[in-house]
Peer 1: 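Mind looking over this structure? Questions follow.
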There are 2 protein chains.
Amino acid sequence: MRDELTHAVEDYLKIIYDLTQSQGRASTTQIATALEVTPASVTGMIKKLAATCPPLLEYQRHRGVVLTPEGEKIALEIIRHHRLLELFLYETLGYSWDEVDAEADRLEHVISEEFESRITAVLGDPTHDPHGDPIPSPDLEMPSHATLCLRELRPKQSGTIQRVRDGDAELLRFLHAHGVVPQAGFTVLAYEPFDGNLTLQIEGRPAPVVLGPRVTRQIFVERIEEEQIP
Amino acid sequence: MRDELTHAVEDYLKIIYDLTQSQGRASTTQIATALEVTPASVTGMIKKLAATCPPLLEYQRHRGVVLTPEGEKIALEIIRHHRLLELFLYETLGYSWDEVDAEADRLEHVISEEFESRITAVLGDPTHDPHGDPIPSPDLEMPSHATLCLRELRPKQSGTIQRVRDGDAELLRFLHAHGVVPQAGFTVLAYEPFDGNLTLQIEGRPAPVVLGPRVTRQIFVERIEEEQIP
DNA sequence: CACCAAATTTAGTCTAACCTAAATATTGAT
DNA sequence: ATCAATATTTAGGTTAGACTAAATTTGGTG
Ligand SMILES: [Mn+2]
Ligand SMILES: [Mn+2]
Ligand SMILES: [Mn+2]
Ligand SMILES: [Mn+2]
């Protein structure tokens with residue numbers, strides 16, 4: 001199909017896709033932080049990616065980048081590989097949910113379309129990875145997903161955990177130990193304005209858990225409206 | 001354990017291991033041909049690999065290379081990855097035996113020891129890949145394997161197919177279509193000295209098959225001594 | 001035993017992707 | 001509006017791994 005892209009280019013596009021989902025554009029420094037390279041390296045790479053034919057991103061000096069449709073397509077292919085692989089490692093090979101991200105980060109660049117379609121079949125055309133993130137469909141449509149951050153909720157509000165950022169393995173082990181996993185129901189019991197801590201009762205758990213903002217920022221939820229009490 | 005090696009280095013060591021199994025040393029040109037790079041590139045790389053601490057191979061100008069024990073250990077790790085992956089793709093994901101080599105050639109460099117041990121468990125600690133090649137054990141001992149080439153056999157001699165070189169997908173499809181697969185029993189019916197053709201009756205097959213030397217050179221067998229007829 | 005063809009090495013380039021240090025642009029606070 | 005802090009770009013350099021073209025070594029043959 002397309003001429004081969006390097007792993008580095010694929011990682012840039014994947015990260016830029018993520019960053020531009022939240023904000024409108026991705027800045028040099030944000031990209032550099034996410035990829036653990038220097039801002040100078042990012043400037044060099046994005047200039048190159050903006051100069052390809054067709055361009056993979058649109059770049060304005062000092063103003064960051066957005067992906068072009070071509071760049072977005074490639075980003076979605078890689079994200080599909082990544083999330084399918086995570087689920088495959090989790091379901092078929094018995095990995096725990098804190099181990100899959102690192103392995104998928106390397107495998108995503110080397111599997112063939114054949115491999116992709118074989119594991120899709122084994123997994124039954126799945127729509128979500130082990131952290132609740134949506135898997136782009138085979139024709140690269142990204143399913144809609146929860147954007148409400150747990151950090152925004154306040155006491156008495158209820159909901160279900162939808163997805164959890166998967167970059168930090170230690171955080172994932174902590175959350176798993178407390179039952180904070182996709183589909184878990186919860187109610188907010190308390191909020192501390194000073195430190196931003198939230199106390200949560202997870203459904204079916206013996207005791208509540210207290211989560212700081214560094215944690216709640218990584219978790220996305222769906223609200224369940226309280227039954228109206230007159 | 002060891003500081004990361006590049007994919008290129010791993011491919012050099014893997015190929016050099018293969019070449020030195022047949023002959024004593026691997027020449028620059030042989031390595032270049034196998035890796036599809038120029039001889040000049042090979043000279044550059046082997047000088048570097050001979051100069052590492054500890055050296056991964058022993059190099060004499062104009063005289064080719066042999067692996068050191070350290071180089072051989074790395075080669076065996078990669079070969080173990082490769083053959084386990086081939087079997088995994090074949091058994092678990094349903095690949096055909098002509099598709100697995102190309103996919104494993106890319107995956108072998110990126111899977112973790114975790115991945116290796118998970119698929120080892122799924123496959124039940126296997127000893128042979130889909131082409132009959134031996135899989136080095138977890139502590140990197142290479143099982144013994146057939147070294148008798150089918151090309152050497154002559155009429156009336158019988159044996160079983162043990163392994164088939166896996167680099168050429170088209171050849172593998174051809175052999176599969178004629179039942180020339182590991183463990184198949186056969187008897188040589190005829191030999192043509194002029195063109196080197198062998199006519200083989202494969203056990204359980206309706207008709208004999210004629211194989212030229214380009215093919216029989218790729219196949220290794222075990223003899224079965226004929227029952228003594230007085 | 002000298003010479004030629006083949007194999008191999010040397011020398012000089014190239015690209016991809018990273019880096020550091022220095023220069024410059026942007027922005028928000030006075 | 002000014003200026004310092006921050007963000008970004010430029011300039012110059014490194015490493016890995018490849019290439020081509022030009023030397024050089026080797027080994028077999030006349
Ligand atoms: Mn990656
Ligand atoms: Mn994930
Ligand atoms: Mn390889
Ligand atoms: Mn094989």
Side-chain angles (χ1 to χ4, degrees), chain A residues 2-16 19-20 22-53 55-66 71 74-75 78 105-106 108-110, chain B residues 2-16 19-20 22-53 55-66 71 74-75 78 105-106 108-110:
Chain A
R2 197 182 308 97
D3 34 323
E4 275 306 294
L5 297 165
T6 64
H7 299 189
V9 167
E10 293 179 344
D11 278 340
Y12 272 89
L13 295 175
K14 184 175 71 152
I15 290 298
I16 292 168
L19 290 170
T20 51
S22 354
Q23 311 99 199
R25 301 180 77 86
S27 76
T28 301
T29 314
Q30 289 174 320
I31 298 168
T33 304
L35 291 173
E36 304 185 83
V37 299
T38 61
S41 302
V42 173
T43 300
M45 180 63 97
I46 63 187
K47 280 166 101 170
K48 192 168 51 179
L49 298 182
T52 59
C53 241
L56 300 179
L57 45 81
E58 185 257 300
Y59 165 52
Q60 285 174 32
R61 276 212 261 104
H62 294 276
R63 210 119 311 181
V65 297
V66 264
I74 297 163
I78 300 299
D105 261 342
R106 282 172 284 112
E108 63 191 2
H109 308 290
V110 306
Chain B
R2 198 180 307 97
D3 34 323
E4 276 305 295
L5 298 166
T6 63
H7 299 190
V9 168
E10 292 179 344
D11 279 340
Y12 273 89
L13 295 175
K14 185 175 71 151
I15 289 298
I16 292 168
L19 290 171
T20 52
S22 354
Q23 309 99 198
R25 302 180 77 87
S27 75
T28 300
T29 316
Q30 289 173 321
I31 299 168
T33 304
L35 291 173
E36 302 185 86
V37 297
T38 60
S41 303
V42 173
T43 300
M45 179 62 98
I46 64 188
K47 282 166 100 169
K48 193 166 54 179
L49 298 182
T52 60
C53 240
L56 299 179
L57 45 80
E58 186 258 299
Y59 166 52
Q60 286 173 32
R61 276 211 260 105
H62 294 275
R63 209 121 308 184
V65 297
V66 262
I74 297 162
I78 300 300
D105 260 342
R106 283 173 283 110
E108 64 191 2
H109 309 289
V110 306

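Naming convention: chains lettered A, B, ... in sequence-line order (proteins, then strands); numbering from 1 in each chain.
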Peer 1: Check side chain to side chain donor-acceptor pair (under 3.5 Å) between A:Gln60 and all other residues, then give those that pass, not counting sequence neighbours.
Peer 2: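 Scan of A:Gln60 (side chain to side chain donor-acceptor pair (under 3.5 Å), adjacent residues dropped) gives A:Glu58.
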Peer 1: Got a list of protein N/O to nucleotides 15-19 of chain C N/O distances below 3.5 Å?
Peer 2:
residue	atom	partner	partner atom	Å
C:dA17	OP1	A:Thr6	OG1	2.1
C:dA17	OP2	A:Lys48	NZ	2.6
C:dC18	OP2	A:Tyr12	OH	3.4
C:dC19	OP2	A:Thr38	N	2.9
C:dC19	OP2	A:Thr38	OG1	3.0
C:dC19	OP2	A:Ser41	OG	2.6

Peer 1: Which pairs of donor and acceptor atoms, one on a side chain in residues 6-13 of chain B, lie under 3.5 Å apart (sequence neighbours left out)?
Peer 2:
residue	atom	partner	partner atom	Å
B:Thr6	OG1	B:Val9	N	3.2
B:Glu10	OE1	B:His109	ND1	2.7
B:Asp11	OD1	B:His109	NE2	3.0

Peer 1: Can you check whether B:Ser27 has a side-chain N or O nearer than 4.0 Å to OP1 or OP2 of C:dA7?
Peer 2: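 The answer is no; no side-chain N or O of B:Ser27 sits under 4.0 Å from OP1 or OP2.
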Peer 1: Examine distances only and state if a side-chain atom of B:Gln30 and a backbone atom of B:Ser27 form a donor-acceptor pair shorter than 3.5 Å.
Peer 2: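 Answer holds: yes.
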Peer 1: Could you check how far CD1 of B:Ile46 sits from P of D:dG17, rounded to whole Å?
Peer 2: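 The answer, rounded to whole Å, is 14 Å.
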Peer 1: Mind checking what makes side chain to side chain contact (heavy atoms under 4.5 Å, CB included) contact with A:Arg61, not counting sequence neighbours?
Peer 2: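 Checked A:Arg61 against side chain to side chain contact (heavy atoms under 4.5 Å, CB included); matches are A:Tyr59.
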Peer 1: Pairs in or reaching into residues 39-50 of chain B: which pass side-chain hydrogen bond (donor to acceptor under 3.5 Å, both in side chains), with residues at least two apart or in two chains?
Peer 2: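 Residue pairs passing side-chain hydrogen bond (donor to acceptor under 3.5 Å, both in side chains), neighbours aside: B:Thr38-B:Ser41.
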Peer 1: Side chains of B:Asp105 and B:Glu108: does their closest heavy-atom pair fall under 4.5 Å?
Peer 2: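 A side-chain contact exists here, since the closest heavy-atom pair is under 4.5 Å.
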Peer 1: Which atoms form the tightest heavy-atom contact between B:Ala26 and B:Leu19, and what is the distance?
Peer 2: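 Reported closest heavy-atom pair: CB-CB, 3.8 Å.
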Peer 1: Taking atom C1' of D:dA7 as reference, at what distance in whole Å does atom CG of A:Leu19 sit?
Peer 2: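 Taking atom C1' of D:dA7 as the reference, CG of A:Leu19 is at 15 Å.
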Peer 1: Across the strands shown, which category fits A:Thr43 at heavy-atom distances under 4.0 angstrom: base, sugar-phosphate, nothing?
Peer 2: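 Base: the residue A:Thr43, judged by heavy atoms under 4.0 Å, touches a nucleobase.
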Peer 1: Is there side-chain contact between B:Ile31 and B:Val65, with at least one heavy-atom pair below 4.5 Å?
Peer 2: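 A side-chain contact under 4.5 Å exists here.
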Peer 1: Reading nucleotides 23-29 of chain D 5' to 3', which nucleotides get B (base under 4.0 Å from a protein heavy atom), which S (sugar-phosphate only), which -?
Peer 2: --SSS--
